Amino acid sequence: MTRDGDTAAPPRAPQPPAPQGRPGRYAALLAAMLAAVLAVSAVIFVGVSADGLRGRDTPARDGGGAGNPVAPASAGTWVTAWATAPGGGEPGTEAAGLAGRSVRNVVHATAGGTRARVTLSNLYGRGPLTLTHASIAVSAGPDTAAALAGTMRPLTFAGNPSVVVPAGGQIVSDAVRVPVPRDAHVLISTYSPVPSGPVTYHKHARQISWVAEGEHTRDTTGAAYNGQSTVWRYVTALDVLADDSEGTVVVLGDSLTDGISSTTGADARWPDVLAGRLRAALASGRDLPGYSVVNAGLSGNRVLADGPGRPPRNPSALRRFDRDVLGRANVRVVVVVLGINDILRAPDTADPDRIAAGLTALTARAHARGIKVVGATLMPYRGHRGWTPYGEDVRQEVNAEIRDGGVFDEVVDFDEAVRDAYDPRRLRAGHDSGDGLHPSDEGYARMAETFELKTLKGGAPARL
């Protein structure tokens with residue numbers, strides 16, 4: 001969901017008939033959904049490079065190269081420390097891309113490690129993306145383009161400093177030796193000398209990144225980076241080889257997870273707060289798994305239907321599940337916070353059975369890979385311009401299905417946590433950012449505080 005999103009309904013993916021009868025009510029629908037989505041995904045997301053196809057849990061190759069301490073295989077566990085979901089091509093970059101400029105993305109690591117690798121995407125490019133230079137460093141501070149002394153490292157790709165990423169593809173860098181502290185901000189810089197067409201980006205970063213004219217990927221002072229940006233470009237994941245983390249939690253959501261109303265630069269999205277709670281609990285000695293927490297929120301995202309374009313500018317959760325969840329390193333748990341946009345985009349015709357079946361299909365996809373699923377109830381939104389009495393009825397029906405326990409392995413009741421005690425159809429006043437739909441920083445904190453950390457323990461149910 002977005003405050004400034006399109007109001008016209010985009011093309012909807014084909015959907016099977018509504019299920020009948022409570023016993024096994026979703027079986028046929030789930031089978032149809034899974035078959036259709038897997039077939040279409042195979043077509044839409046082709047073009048991934050050889051490095052992009054490499055198993056995300058395996059050590060990266062030793063790329064060699066003078067001056068580049070590329071990491072050989074080493075003890076530890078690869079986890080994803082930060083991630084984002086590519087959501088489209090950046091407006092204004094259709095012709096030249098960002099040719100001749102260095103992009104310095106600032107990302108927040110929820111796990112630390114001794115080695116790192118990054119994923120760069122050209123999913124929405126219409127031509128090859130040529131990158132001649134790329135680097136990684138730990139930031140010297142939360143609001144600067146400067147690198148912490150001694151942490152700047154060039155990135156290589158199969159041992160080469162340059163790489164060409166085909167349109168529709170992605171690339172994973174070689175692993176490089178660099179100490180990444182847990183909770184640090186990390187600088188990931190790229191330079192492209194030639195036009196590439198639309199820049200693959202994530203619109204609602206809620207983080208200041210930087211741009212410089214010319215090639216300055218290894219500039220440690222940050223002095224050349226006099227342009228600011230509120231989007232993430234090209235980079236979609238940061239993995240680290242961790243010795244104190246054993247897996248990754250991916251939060252799959254929409255703008256409520258993307259945190260579009262949270263304070264920029266404050267890491268106040270609810271998954272950020274959840275990651276902090278988990279770190280503090282582990283430090284206090286609680287018996288909990290040592291997981292990173294990464295954010296796969298995409299504003300406007302729906303369970304069932306895609307946004308416009310080919311590939312879709314905002315692919316459904318069913319379509320992007322392989323890329324944005326299964327594509328991360330050592331995923332142990334996925335947290336699903338989705339469904340409200342399926343109502344908002346069809347306020348008088350949304351089908352609660354189809355929404356619940358779509359959420360159940362996500363659970364089945366995760367279970368096929370041994371991943372546990374924690375799901376959230378749909379939060380209140382009366383006061384938003386898209387609210388209707390019919391949509392409210394649908395929300396209540398979907399929440400009833402979620403609370404019944406047949407959709408997810410574990411449930412976190414965000415609806416109960418943030419609703420107004422006197423009008424449960426609304427967000428509590430202090431938790432509302434002002435639009436009736438998106439939480440304030442206080443509301444996001446409340447969501448994270450409601451999340452029972454013990455639900456992260458254990459795995460997916462055994463498959464019979």
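What you see is a predicted model; the values in this text were computed from it and never measured.
In this structure, OG1 in T80 is found 4.0 Å from CG in D239, a value given to the nearest 0.5 Å. Rounding to the nearest 0.5 angstrom, the gap separating the CG atom in L362 from the CZ atom in F321 is 6.0 Å. If you take NE2 on H216 and CG on N226, they are separated by 9.0 Å, rounding to the nearest 0.5 Å. To the nearest 0.5 Å, the span separating CZ on R279 from OG1 on T110 amounts to 7.0 Å. Atom-to-atom distance recorded for W270:CH2 and F451:CZ is 5.5 Å, nearest 0.5 angstrom. Taken from CG in N314 to OG in S299, the straight-line distance is 7.5 Å, to the nearest 0.5 Å.
Residues R320 and P315 approach most closely at CD-O, 3.6 Å, considering heavy atoms. Taking each heavy atom of P439 and M379 in turn, the nearest pair found is CG-CE, 3.7 Å. L427 approaches L437 most closely through the heavy-atom pair CD1-O, 3.7 Å. When all heavy atoms are compared, the tightest approach of Q207 to P142 is NE2-O, 4.0 Å. The minimum heavy-atom distance between D409 and T363, with the atom names listed, is OD1-CG2, 4.4 Å. Nearest approach of P86 to L123, heavy atoms of both residues: CG-CD2, 4.2 Å.
For the pair D254 and R302, the salt-bridge criterion is not met [side-chain N within less than 4.0 Å of a carboxylate O]. Ion pairing of R117 with D174 is absent here, as no side-chain N (NZ or NE/NH1/NH2) approaches a carboxylate O to less than 4.0 Å. R403 has a carboxylate O that lies under 4.0 Å from a charged side-chain N of D415, or vice versa, which qualifies the two as a salt bridge. A salt bridge links K372 to E410: one of the charged nitrogens lies within less than 4.0 Å of a carboxylate oxygen.
For residues 95-106, every residue pair satisfying the side-chain hydrogen bond (donor to acceptor under 3.5 Å, both in side chains) rule, not counting sequence neighbours, is listed here: R104-S189. Legend: side-chain hydrogen bond (donor to acceptor under 3.5 Å, both in side chains) pairs involving residues 444-455, not counting sequence neighbours, sorted by first then second residue: S261-Y444.
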Exercise for review: Test T217 against H133 for side chain to side chain donor-acceptor pair (under 3.5 Å), laying out the working first.
Suggested key: CA-CA 7 Å; T217 57; H133 300 78; 5.4 Å; no
Review point. Checking salt bridge (charged side-chain N to carboxylate O under 4.0 Å, His left out) for the pair R382/E392: CA distance, chi angles, key distance, verdict?
Key: CA-CA 8 Å; R382 189 176 186 185; E392 177 65 23; over 6 Å; no
Exercise for review: Please step through side chain to side chain donor-acceptor pair (under 3.5 Å) for the pair D267 and H185, ending with a clear verdict.
Suggested key: CA-CA 10 Å; D267 296 316; H185 286 86; 3.0 Å; yes
Exercise for review: Any chance you could lay out the side chain to side chain donor-acceptor pair (under 3.5 Å) test for Q228 and W210, step after step, and finish with the verdict?
Suggested key: CA-CA 5 Å; Q228 292 191 356; W210 306 89; over 6 Å; no
Review point. Given the rule in the side chain to side chain donor-acceptor pair (under 3.5 Å) test, do H431 and D420 qualify, once you have shown the distances and angles that lead to the verdict?
Key: CA-CA 9 Å; H431 295 164; D420 190 310; over 6 Å; no
Check your understanding: For R269 and D258, what are the C-alpha separation, side-chain angles and deciding distance, and is it a salt bridge (charged side-chain N to carboxylate O under 4.0 Å, His left out)?
Key -> CA-CA 7 Å; R269 315 163 196 85; D258 213 359; 5.6 Å; no
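A donor-acceptor pair under 3.5 Å is absent between the side-chain atoms of E442 and the main chain of S440, judged by distance alone. Of the possible donor and acceptor atoms, none in the side chain of T263 sits under 3.5 Å from a partner among the backbone N and O of A266. A donor-acceptor pair under 3.5 Å is formed between the side chain of T151 and the backbone N or O of L148. A donor-acceptor pair is defined here as one N or O able to donate and one able to accept, closer than 3.5 Å; no such pair exists between the side chain of S245 and the backbone of G247. Here the side chain of W232 pairs a donor or acceptor atom with the backbone of V106 at under 3.5 angstrom. Remark: side-chain polar atoms of S192 are not paired, donor with acceptor, to backbone N or O of L131 under 3.5 angstrom. Side-chain atoms of T388 come within 3.5 Å of backbone N or O of G391 as a donor-acceptor pair. Panel note: side chain R428, backbone A417; a donor-acceptor pair is recorded below 3.5 Å. Side-chain atoms of T236 do not come within 3.5 Å of backbone N or O of A85 as any donor-acceptor pair.
Under the side-chain contact (heavy atoms from CB on, under 4.5 Å) test applied with V118, the options L155, V107, I171 reduce to a single match, L155. With F408 as the partner, the side-chain contact (heavy atoms from CB on, under 4.5 Å) test is satisfied by one option alone out of V374, V336, V335: V336. A side-chain contact (heavy atoms from CB on, under 4.5 Å) with Q170 is found for one member of T119, N122, L129 and no other, namely T119.
Taking the six-membered ring where tryptophan is involved, the planes of H438 and H384 are perpendicular, since the angle between them exceeds 60° and thus also 30°.
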